[in-house]
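Encoded as structure tokens, the structure appears first; notes follow it.
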Amino acid sequence: MQVYSTISILCLGLMIIGLLSVVANFIRKNRAERIAYIRSFKKGKGAVIYLFAVPLYWIGNVYAGDSILDGFFNSVRRIVDLIVLKYDISSVQALVDANAIYRFTLYFCFILVCLNAILFVFSLVNQYLWNYFTNLMFRLSGKEKVLLFGNNEQNHLIYKSEKNRLKMVVDKITAKEANDLYMKNIRYTSVTSFDRYVSDAVARCVKRNKAGIAIINTGDDERNIELCRIFIKHIFTLEETQRMVCFNLLKIFVFGDPRYEAIYEDIISDSFGCVSYINKYQKIAVDFISKYPFTKFMTEEHIDYNSSLIKDGVKINVLLIGFGKTNQQIFLTSVANNQFIAEVNGSIGIKKVRYHIFDKNPAENNKNLNHNYNRFKNESDGINTEDYLPLPDYPAEEFFYRLDVNARDFYNHIRKVTVATEKGVNFIVIAFGTDLENIDMAQKLVLKCREWGIKNIAIFVKVRGEHKGQNLLEEDNCYSIANEKEVVYDVEKILGDSIFKMAQMRNEVYDLEYELTQSDAQSLTEDRVVAIKEKAYRNWFVKKTQLERESSLYSCLSLRSKLNLMGLDYCLVHENDEPALTEKEYLEIYAQDDQPDLDFYKVKAEGKPIIHYSLNFQKSRRTNLAIHEHLRWNSFMISKGMVPASKKLILEEMDSDGKYTNGKNYALRRHGNITTMSGLIEFRKMTALRDIDKYKSMEKAEESKDVIKYDYQLLDDAYWLLTKNGYKIVRL
């Protein structure tokens, strides 16, 4: 009996070792390796378990009276039955009854055989089972859902970024693509008709009253546009009340190449506010300006922190190495935000940034620039200035160099345009090639700047992803930008970051302020406030154009630069140990002896006092920064291809409702307020005189028509706006 127990213990030990080996191998592998490991069982990886059954049956047969040879052949025959899960112990029943160790070992072997069979079956159908049950859970769940149209790496990044909502990749998916998605643990559904799938998705959203997000990013603009049109078609088949439900619950975001921006803007205007356009290059540029405003790299050598003016003799140079889609957008976004003011001929005027653009192609010949940024310059030539309010100055100076980075004179030109003095400040943005090419150029320029003795310089390098061992050193004032995973392909960034939310908040408060100031109401009921906010939210997407939304966005984007000009900055409340300024401390620095009138109306909108603006804007830092904001707004509008409206249009043009447009027409891309600050005063007087009959006095009419107050509002409300969004204002 001792021999039977010894053989049983030996087999049991080997089986336990084998089981532990399988478990250990499974645990230490990643998902793709685990799947491959399980799939190996269909190739017979677990067949070794049957070898342990041979000695067990053999000793059982011998104990029952078989000869050694007959016992062996009978055990082999039993193994054949065991493969088909026929657990027959009749031939070894005697030893099972007589020896507990043998009995436990035999049954343990049977369990492993069963597990092996399960793994074998699972290795054949695991992908199909996983896909079936994950899709079933997706359909049945009441959680908010994210539909990603397009099977590509960018959508996979978006998928991985979402932690709370259920998500699904939707596309025409091949067997190989399905296997890759399964390996990456990405839920997917393969469709033959987008039309039917979109129809069902819209219907489910409305019927179940469940929120949903659709992200259209197929990598093909024609497919993107087609999908947008399909969504719009099914949204407009709904009844009006259902359409409102759809607007409130379904948000559709479409990625598109900026070359086709006009087409996407047309789609957005037809979408009942449900579709938003995502220009990834604009998101990169906005993130860049938000993190690295040029003022961050300027000091008291460049800025008069008492007046927020740029000091005499300071030259600000920006060098763009490469002028592809990224640097084109950085140029336009920078022009719209990195604006500065200085004393010019006794008054406050624009301090132009000098942009030096290097590209192997003739970068000045660009249809997008001709359509937007260059339009003001092109159409200003030869016009009769007497027909217009004073025209604003061009927002920047541009110099184009048709030079490849390998050109012999490349470094010589770089050296010539940088300013090797304490008064000069230089910024280089490298975005001409692959990540490694850009990094290599940055490292070369760091060395060159040391050779040339240039200290006031910051270098920004387009690096789309992470590269081990290629970290840029901030102590060399060298920074990586344009990490697409962090900046673009993230659900929360697509839905809107804090700057976008600030812009929406400011839009809502505009309407609340208007209601309070225009109606002379001392307060608003809670229901009225809710109704105004709901209307403002809807108008933000439905009535306002893409350009109007971006105008509010860029205004909030400029907050950090404006604070920097006062020796201040903002950061998240818990980001560092810097003490936060109180509202009183902030206003004393910002407004000094020109404090905003917070007590005139004695009412608040969203917890913020409504400020009364008179027509007398005194000389102060507060006024300087209001001028700064208007010049920045001018630059933004010019960068978008807007041009000034003539005096005749300001006074006479009416919209379809019979209201004066005051020259504002976004469809024709012109605006009556693209002028100087003195031009805004003339605008106020012109329109007030035209509408004098509606008001009791000229002063009342002018107060109603004044638009200069809007240039004050951003910084007047900055403390409220930032603290409401989890930020604090700190000293530099």
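Because the structure is predicted, anything quoted here is derived from the model rather than measured.
Of the inter-residue distances, the one linking S555 atom OG with K562 atom NZ reads 6.0 Å to the nearest 0.5 angstrom. In this structure, L547 CG and L553 CG are separated by 11.5 Å, a value rounded to the nearest 0.5 Å. The distance from the OG atom of S561 to the CG atom of N338 is 6.0 Å, given to the nearest 0.5 Å. The distance from the OH atom of Y260 to the CD atom of E265 is 15.5 Å, given to the nearest 0.5 Å. Taking CD from E588 and CG from D593, the interatomic distance works out to 10.0 Å, rounded to the nearest 0.5 Å. Atom-to-atom distance recorded for E397:CD and I316:CD1 is 11.0 Å, nearest 0.5 angstrom.
Side-chain contact between I216 and F231 is present, with at least one heavy-atom pair separated by less than 4.5 Å. Two residues are said to be in side-chain contact when any heavy atoms from C-beta on lie closer than 4.5 Å; L391 and I383 meet this criterion. For the pair Y570/L581, no side-chain contact is recorded, criterion being any heavy-atom separation below 4.5 Å from C-beta on. The side-chain heavy atoms of Y277 and I267, taken from C-beta on, include no pair separated by under 4.5 Å. Between R632 and Y554, the closest side-chain pair of non-hydrogen atoms falls below 4.5 Å. Contact annotation: the side chain of F288 never approaches that of T333 to less than 4.5 Å [non-hydrogen atoms, C-beta and beyond]. A heavy-atom distance below 4.5 Å is found between the side chains of L389 and I650. Here the side chains of L680 and D711 are in contact, with some heavy-atom distance below 4.5 Å.
Of all the heavy atoms in K296 and N564, the pair that sits closest is N-OD1, 3.6 Å. Nearest heavy atoms, E548 versus T545: OE1-N, 2.8 Å. Here the closest non-hydrogen pair linking Q546 and I268 is OE1-CD1, 3.5 Å. Listed here is the closest heavy atom pair of M642 and Y666: CE-CD2, 3.8 Å. Across L714 and E629, no two heavy atoms sit closer than the pair CD2-OE1, 4.2 Å. In plain terms, the two heavy atoms of L587 and Q595 that are nearest each other are O-NE2, 3.2 Å.
Look at K377 and E398 and you find a salt bridge, because one of the NZ, NE, NH1 or NH2 atoms lies within 4.0 Å of a carboxylate O, short of that distance. Between R528 and D511 there is no salt bridge, since no side-chain nitrogen of the basic residue lies less than 4.0 Å from a carboxylate oxygen of the acidic one. The pair R684-D706 counts as a salt bridge, with a side-chain nitrogen and a carboxylate oxygen less than 4.0 angstrom apart.
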Steps toward side-chain contact (heavy atoms from CB on, under 4.5 Å) verdict (M677, I681): CA-CA 7 Å; M677 292 297 279; I681 295 173; over 6 Å; no

Working for side-chain contact (heavy atoms from CB on, under 4.5 Å), residues R243 and I235: CA-CA 6 Å; R243 208 178 301 157; I235 289 169; 3.7 Å; yes

S271 vs I252, side-chain contact (heavy atoms from CB on, under 4.5 Å): CA-CA, chis, key distance, verdict: CA-CA 10 Å; S271 69; I252 305 162; over 6 Å; no

Derivation of the salt bridge (Lys or Arg N to Asp or Glu O under 4.0 Å) call for K280 and D287: CA-CA 11 Å; K280 81 169 187 177; D287 181 75; over 6 Å; no

Verdict with reasoning, V318 to I330, per side-chain contact (heavy atoms from CB on, under 4.5 Å): CA-CA 11 Å; V318 180; I330 285 176; over 6 Å; no

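Panel note: side chain R549, backbone K544; a donor-acceptor pair is recorded below 3.5 Å. H628 places a side-chain N or O within 3.5 Å of a backbone atom of Q339 that can act as its donor or acceptor partner. In terms of modelled atom types and a separation under 3.5 Å, the side chain of N665 and the main chain of L668 share a donor-acceptor contact. Of the possible donor and acceptor atoms, none in the side chain of T295 sits under 3.5 Å from a partner among the backbone N and O of L565. Side chain of K700 to backbone of K694: no donor-acceptor contact under 3.5 angstrom is found. Between the side chain of R690 and the backbone N or O of Y660, no donor-acceptor pair lies under 3.5 Å. A donor-acceptor pair is defined here as one N or O able to donate and one able to accept, closer than 3.5 Å; such a pair exists between the side chain of N725 and the backbone of L721. A side-chain donor-acceptor contact under 3.5 Å links D655 to the backbone of D657. No donor-acceptor pair closer than 3.5 Å links the side chain of T623 to the backbone N or O of K619. The backbone N or O of E578 sits less than 3.5 Å from a side-chain atom of K728, completing a donor-acceptor pair.
Shown here is D312, whose CG atom has no more than 12 heavy atoms of other residues, nucleotides or ligands within 6.0 Å. Counting non-hydrogen atoms of other residues, nucleotides and ligands closer than 6.0 Å to CZ of R731 gives a total of 12 or fewer. The environment of K493 atom NZ is dense: over 12 non-hydrogen atoms of other residues, nucleotides or ligands sit within 6.0 angstrom. Counting heavy-atom neighbours within 6.0 Å of E239 CD, excluding the residue itself, gives a total of 12 or less. Residue E300 places its CD atom among 12 or fewer non-hydrogen atoms of other residues, nucleotides or ligands, all under 6.0 Å distant. The local environment of NZ in K647 is crowded, with over 12 non-hydrogen atoms from other residues, nucleotides or ligands closer than 6.0 Å.
Aromatic ring pairs are classed by plane angle as parallel below 30°, tilted from 30° to 60° and perpendicular above 60°; the pair Y510 and Y710 is perpendicular.
Partners of D594 by salt bridge (Lys or Arg N to Asp or Glu O under 4.0 Å), not counting sequence neighbours, listed by chain and number: R622. Every residue was checked against the salt bridge (Lys or Arg N to Asp or Glu O under 4.0 Å) condition with R538, not counting sequence neighbours, and none meets it. Scored by the side-chain hydrogen bond (donor to acceptor under 3.5 Å, both in side chains) test, T675 finds no partners at all (sequence neighbours excluded).
Under 3.5 Å, the side chains of S380 and Y394 contain no donor-acceptor pair of N or O atoms. A donor and an acceptor atom, one from each side chain of N279 and Y264, are nowhere located under 3.5 Å apart. Between N337 and R560, the side chains place no donor N or O within less than 3.5 Å of an acceptor N or O (distance only, hydrogens not considered).
Of the residues Y388, W633, F683, F636, the one that meets the ring pair (Phe, Tyr, Trp, His ring centres under 6.0 Å) test with H671 is W633. Only one option out of K664, R670, K648 pairs with E653 in a salt bridge (Lys or Arg N to Asp or Glu O under 4.0 Å); it is R670.
Taking the six-membered ring where the residue is Trp, the centroids of F617 and Y712 are separated by under 6.0 Å. Between Y373 and F331, the ring centre distance stays below 6.0 Å. If you look at Y537 and F541, their ring centroids are closer than 6.0 Å.
Both tests hold for K251 against F247: distance to the six-membered ring centre under 6.0 Å, angle to the ring axis within 45°.
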